[in-house]
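Here is how names work: the chains are called A, B, and so on, in the same order as the sequence lines, proteins then strands, and each is numbered from 1. Treat the numbers as computed from the prediction; the structure is a model and nothing was measured.
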2 protein chains.
Amino acid sequence: MSKNLINWLENLLLWGIIIKLKAMTSFTEENYLKIIYMLTEQNGGNEVSTNELAEITQTKAASVSDMLRKLAEKNLINYRKYQGVTLTKEGQQIALSVIRKHRLWEVFLVDKLGFGWDEIHDIAEQLEHIDSKELTEKLDKFLGSPQFDPHGDPIPDSKGKMPSMASCKLSEVPIDQTVVMVGVLVHSPAFLQHLDKNHITLGSTIKIQEVSEFDKSFTVLLNNNQSVFVSNEVAKNLLVK
Amino acid sequence: MSKNLINWLENLLLWGIIIKLKAMTSFTEENYLKIIYMLTEQNGGNEVSTNELAEITQTKAASVSDMLRKLAEKNLINYRKYQGVTLTKEGQQIALSVIRKHRLWEVFLVDKLGFGWDEIHDIAEQLEHIDSKELTEKLDKFLGSPQFDPHGDPIPDSKGKMPSMASCKLSEVPIDQTVVMVGVLVHSPAFLQHLDKNHITLGSTIKIQEVSEFDKSFTVLLNNNQSVFVSNEVAKNLLVK
DNA sequence: ACTATTTTTTAGGTTTGTCTAAAAATTTGA
DNA sequence: TCAAATTTTTAGACAAACCTAAAAAATAGT
């Protein structure tokens, strides 16, 4: 009967919609996945705790618990109650895609629009959730397929593979050695502006002239022949090669 | 007493937050305002009805009613029950800012990333809600402060002023006259792809060679000396100058 | 090893934006 | 003009993402 057929088609359509909804990740879910990815990295691959997530998302632990249950149902995280979480393959893919978009947009904001590296974070936090694969790939081409963002962070490729680069903290480099500034471990506007004021930017050549016994502060020579003072606190957060 | 002082400060803070929340417009609210603006234009300044809004937002009239009550409370629309709505000054400002962002991003997508004019609508619908005045103004500069978007629609300036341009429908132009294509009244991919196939684009020179008595279809001569056939349906939706 | 503390989860509630069903207002047309 | 049809609003519910308060599990200290 044609009415049965129509019902059947409608059911199929309905199923299609349900499957689509289940496959979709919301703005908020994407944020959780991204943060779990970054914290897992920081922890050296260990599980991320509920409280850590609550701290960073600026919500309460109870809200995090709710969300973790939901993400686990969607198979995006590995979740054993009270034991913290890690990402599944699928969750990692989504996290990497969000990070890719975030970092590509940061390159756009600095290279094309002329923003400072201390001004772009909040805008990129919004742009990273724009949903269009074609857009991401065209943006990537337009920017010349950059490997690193304006803070020196690696940009994963469309398959989620991160470019790697050996680097270490400036604080660990021996005296008299000459190195190149390739990244920062802290992204706060205050830190970045401090570097600007001292003419230290991505790509700066840094020669370590003197290290104080007392407070482990550095005096370094930059490529412009300027001699600047670098506290240990700063040196610990500068990546060089 | 210091406890009273603290309470008092907390109250002030709370007030501050409430004021901020009241001043903010959500993604969804922005969409309603934008749509009300566009429908009001189409209606020649008349009120927009609940059903019209339900149709376009793809929701139910009941949901629209709810939202209208909310927007009216925030003084963004003029709303008399059962009488339809218009925007207040404040609502219009927000609508124009969203439209400005939408059209600037469309220029970016076509001019810088190489998208076709039939592929950009859904992406711009997302980008138009990115919240950063500095971003909008830097994007505008980067694009060379364009006056019109890839469909020929005017881009309001940062104060909400629309550039104007006299134009009329191709269907209203007399025979033998030569005009320039400056816009479209329909933005569906199908229509835009049809124009692409006939080599009619923004800026094309069009000379009307022949008009059929029977179906009001046109034969026109383009700047590349190609002669193409234009149905009345198409001619009614082409803006020329 | 067993309290005390901390961490995490559960239970129950709020807001936003949606829904369906039903009521009320407006418009239409004989 | 007044009953029928249409449009709009109200009432009551639901899902997502959050909250507070309280219960349960894990960890730590002696």
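Ranked by how close their nearest DNA chain D nucleotide is to the 5' end, Gln83(A) and Leu68(B) are led by Leu68(B). Each of Ser65(B) and Thr28(A) lies near DNA chain D, and the nucleotide nearest Ser65(B) is the one positioned closer to the 5' end.
The listed nucleotides are dT9(D), dT20(C), dA21(D); the one nearest the side chain of Ala62(A) is dA21(D).
Proximity of Lys60(A) to the phosphate of dT20(D): a side-chain N or O atom is located under 4.0 Å from OP1 or OP2. The phosphate of dT9(D) has OP1 or OP2 within less than 4.0 Å of a side-chain N or O from Tyr79(B). In this structure, Asn51(B) does not reach the dT6(D) phosphate: none of its side-chain N or O atoms is under 4.0 Å from OP1 or OP2. In terms of phosphate contacts, Tyr82(A) brings no side-chain nitrogen or oxygen within less than 4.0 Å of OP1 or OP2 of dT6(C). Not one side-chain nitrogen or oxygen of Thr59(A) sits closer than 4.0 Å to the OP1 or OP2 atom of dC18(D). The phosphate of dT10(D) has OP1 or OP2 within less than 4.0 Å of a side-chain N or O from Lys81(B).
Per the geometry, CG belonging to Leu53(B) stands 12 Å off P belonging to dT18(C), to the nearest Å. In this structure, Asp66(A) places its CG atom 14 Å from P of dA15(D), rounding to the nearest Å. What separates NZ of Lys74(B) from P of dT16(C) is a distance of 8 Å, to the nearest Å. Taking atom CD of residue Glu55(B) and atom P of nucleotide dT7(D), one finds them 11 Å apart after rounding to whole Å. Rounded to an integer number of Å, the gap from CD of Glu30(B) to C1' of dT16(C) is 15 Å. Distance, Met24(B) CE to dT16(C) P: 11 Å, rounded to whole Å. The distance between atom CD of Glu29(B) and atom P of dT15(C), rounded to the nearest whole Å, is 15 Å. Protein atom CD of Glu52(A) is 12 Å distant from nucleotide atom C1' of dT7(C), rounded to whole Å.
In this structure, Glu137(A) places its CD atom where more than 12 heavy-atom neighbours from other residues, nucleotides or ligands lie under 6.0 Å away.
In this structure, Lys112(A) fails the cation-pi test against Phe108(B), since its NZ or CZ atom is not both closer than 6.0 Å to the six-membered ring centre and inside 45 degrees of the ring normal.
Rounding to the nearest 0.5 angstrom, the gap separating the OG1 atom in Thr25(A) from the NZ atom in Lys74(A) is 6.5 Å. Rounding to the nearest 0.5 Å gives a distance of 15.5 Å between CG of Leu104(A) and NZ of Lys138(A).
Residue Phe27(B) is classed as having no contact, given no heavy-atom separation below 4.0 Å to the nucleic acid.
Taking the six-membered ring for Trp, Phe27(A) and Phe27(B) have ring centres at least 6.0 Å apart.
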